[in-house]
Engineer: 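Can you read through this structure? Questions will come right after.
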Amino acid sequence: MDHSAEAHRTDLMTITRFVLNEQSKHPESRGDFTILLSHIVLGCKFVCAAVNKAGLAKLIGLAGETNVQGEEQKKLDVLSNEVFIKALRSSGRTCILVSEEDEDAIIVEPSKRGKYCVVFDPLDGSSNIDCGVSIGTIFGIYALKDIHEPTIEDVLLPGKKMVAAGYCMYGSSCTLVLSTGAGVNGFTLDPSLGEFILTHPNIKIPKKGKIYSVNEGNAKNWDGPTATYVENCKFPKDGSSPKSLRYIGSMVADVHRTLLYGGIFLYPADKKSPNGKLRVLYEVFPMSFLMEQAGGQSFTGKERALDLVPTKLHERSPVFLGSYDDVEEIKALYAAEGKKE
């Protein structure tokens, strides 16, 4: 690869250009979705800049309890939440916002209302900021047929009804992974241009992977199928090589690696958390949507994750997602358990 030539490329596929190209395939489109996405991208750039400064701010005394003027400093997750709410509201294209940080859904005022519902976790894994582990924003988008007086029921829909989902990972580089229902594409922020550039076109997860990702500290509370699956990863009965364990503890980073390299990410229910720990609307659904669009699978232990119908905003669910064949194995173990009962 000629890196010097790459550095001077002038035909870069930015995320804006990419989305406009997609829009042109739908003659009936009025550009609403493109405008909404551009506001999400702006929110991601803002949060990326804030995350990059977090350590420095602490070092030079900008992240204390109060600043010189006596104003309280905002924690990064609270700041990120405000950034996305303001960006989404001001787009004029949303009617309901559901955030991990807010107990109730936010109904957008009529003057700024549009047809989209956005569910999001503004800063997933924020407890990892101080040790430099990758964190990220996760989002999913639903479209309403008619904009009546929006209610919570408008977002309590199965994940398969989403029109788009994605995440932005703030790590060694800032990477935005997006699907609008026609495959998965990854964009990396070029700080010198301030633009997300297409760097991972048409991501396809390998059919089978060599990595499993789970918090083994919870092993004593697992159910039978999960325990059996992890045992098989470590001591395969078919003579194959054992899988490698990779667990970061930041969902965006773990899922990103799974998407690129293959394997399986497990967050099962256990005796401590019988309903699982990950939230359905803004963690399980968007990641499951991306996995399926990349050729993988996502399973709750009972059904396809995207078929789940949530009954409340912050509902939780177990999830097993990743390479198609690896998820098939865990599905078979749950099916066998079901027959025993």
Side-chain angles (χ1 to χ4, degrees), residues 9-49 83-97 108 112-122 136-145 147 159-170 173-204 252 255-256 259-260 282 285-295:
R9 276 180 58 193
T10 52
D11 61 338
L12 295 171
M13 178 61 80
T14 65
I15 193 163
T16 310
R17 185 175 153 198
F18 180 86
V19 172
L20 285 169
N21 284 358
E22 289 298 303
Q23 182 189 317
S24 66
K25 296 174 189 172
H26 304 276
E28 74 288 357
S29 171
R30 292 184 16 247
D32 287 350
F33 184 69
T34 307
I35 290 167
L36 172 61
L37 267 180
S38 72
H39 279 73
I40 291 174
V41 166
L42 179 63
C44 291
K45 287 178 186 173
F46 192 106
V47 173
C48 177
V83 165
F84 279 103
I85 288 169
K86 284 175 179 165
L88 292 166
R89 257 193 181 133
S90 64
S91 72
R93 302 299 183 273
T94 59
C95 53
I96 305 184
L97 310 175
V108 177
K112 292 183 178 172
R113 207 170 276 169
K115 68 174 181 179
Y116 292 105
C117 303
V118 183
V119 294
F120 61 99
D121 185 345
T137 299
I138 309 172
F139 61 90
I141 303 171
Y142 292 100
L144 299 186
K145 293 284 183 287
I147 311 166
K160 62 188 173 189
K161 295 264 172 95
M162 279 183 172
V163 293
Y167 60 80
C168 187
M169 184 174 74
Y170 314 112
S173 56
C174 180
T175 307
L176 194 144
V177 174
L178 174 71
S179 174
T180 55
V184 181
N185 292 279
F187 304 82
T188 303
L189 183 64
D190 180 336
S192 62
L193 295 173
E195 286 279 5
F196 279 99
I197 309 297
L198 180 64
T199 49
H200 297 74
N202 196 21
I203 297 170
K204 290 284 176 216
V252 173
V255 170
H256 186 67
L259 196 60
L260 296 184
Y282 42 80
F285 279 170
M287 294 309 202
S288 300
F289 187 93
L290 290 166
M291 275 300 163
E292 287 200 7
Q293 286 292 324

Engineer: Can you tell me how far CD of Gln293 sits from CG of Asn202, rounded to the nearest 0.5 angstrom?
Structural biologist: 10.0 Å
Engineer: Checking side-chain contact (heavy atoms from CB on, under 4.5 Å) for the pair Thr34/Glu22: CA distance, chi angles, key distance, verdict?
Structural biologist: CA-CA 9 Å; Thr34 307; Glu22 289 298 303; over 6 Å; no
Engineer: Do the non-hydrogen side-chain atoms of Val41 and Phe196 ever get within less than 4.5 Å of each other?
Structural biologist: yes
Engineer: Does a sphere of radius 6.0 Å around NZ in Lys204 hold more than 12 heavy atoms from other residues, nucleotides or ligands, not counting ones at 6.0 Å or beyond?
Structural biologist: yes
Engineer: Would you say the side chain of Val118 lies within less than 4.5 Å of the side chain of Leu36, judging by non-hydrogen atoms?
Structural biologist: yes
Engineer: Quick check: do Val252 and Met287 have side-chain heavy atoms less than 4.5 Å from each other?
Structural biologist: yes
Engineer: Hey, what's the ring geometry for Phe33 with Tyr116, parallel, tilted or perpendicular (30° and 60° as the breaks)?
Structural biologist: tilted
Engineer: Let me confirm one number: the NE2-CE distance from His256 to Met169, rounded to the nearest 0.5 Å.
Structural biologist: 4.0 Å
Engineer: Going by the rule salt bridge (charged side-chain N to carboxylate O under 4.0 Å, His left out), which residues pair with Lys160 if we only count those two or more places apart in sequence or in a different chain?
Structural biologist: Asp307
Engineer: Just do the side-chain contact (heavy atoms from CB on, under 4.5 Å) check on Phe18 and Asn185 with the steps written out, would you?
Structural biologist: CA-CA 10 Å; Phe18 180 86; Asn185 292 279; 3.2 Å; yes
Engineer: Would you say the ring centroid of Phe84 lies under 6.0 angstrom from that of Phe139?
Structural biologist: no
Engineer: Are any of the side-chain heavy atoms of Met13 and Asn21 separated by less than 4.5 Å?
Structural biologist: yes
Engineer: Locate the shortest heavy-atom distance separating Met162 from Phe289; write the atom from each residue and the value.
Structural biologist: O-CE1, 3.4 Å
Engineer: Is there a side-chain contact (heavy atoms from CB on, under 4.5 Å) between His39 and Ser90 once you walk through the steps?
Structural biologist: CA-CA 8 Å; His39 279 73; Ser90 64; 3.6 Å; yes
Engineer: Could you work out, with salt bridge (charged side-chain N to carboxylate O under 4.0 Å, His left out) as the rule, every residue matching Glu195, not counting sequence neighbours?
Structural biologist: none
Engineer: Looking only at heavy atoms, which two atoms of Ala165 and Leu290 are closest? And how far apart?
Structural biologist: O-CD2, 3.6 Å
Engineer: Take Phe120 and Tyr167 through the test side-chain contact (heavy atoms from CB on, under 4.5 Å) and record every step on the way to the result.
Structural biologist: CA-CA 9 Å; Phe120 61 99; Tyr167 60 80; over 6 Å; no
Engineer: Flag the pair Val177 / Val184 as yes when at least one side-chain heavy-atom distance between them is below 4.5 Å, and no otherwise.
Structural biologist: yes
Engineer: Taking all heavy atoms of Ser91 and all of Leu88, pick out the closest pair and write down the distance.
Structural biologist: OG-O, 2.6 Å
Engineer: When rounded to the nearest 0.5 angstrom, what is the spacing between CG in Leu189 and SG in Cys44?
Structural biologist: 9.5 Å
Engineer: Less than 4.5 Å apart, any side-chain heavy atom of Thr94 and any of Arg113?
Structural biologist: no
Engineer: Rounded to the nearest 0.5 Å, what separates atom CD1 in Ile35 from atom CD in Gln23?
Structural biologist: 8.0 Å
Engineer: Keeping Arg93 on the side-chain end and Gly114 on the backbone end, is there a donor-acceptor pair under 3.5 Å?
Structural biologist: no
Engineer: If you take all heavy atoms of Leu144 and Cys95, which pair is closest and at what distance?
Structural biologist: CD1-SG, 3.5 Å
Engineer: Any side-chain heavy-atom pair from Leu37 and Leu178 closer than 4.5 angstrom?
Structural biologist: yes
Engineer: Kindly give the heavy-atom pair with the smallest separation between Leu259 and Ala294, and that separation in Å.
Structural biologist: CD1-CB, 3.7 Å
Engineer: Going by heavy atoms in the side chains, are Thr188 and Ile197 under 4.5 Å from each other?
Structural biologist: no
Engineer: Provide the closest heavy-atom pair for Leu12 versus Arg17 in the form atom of the first, atom of the second, distance.
Structural biologist: O-NH1, 2.8 Å
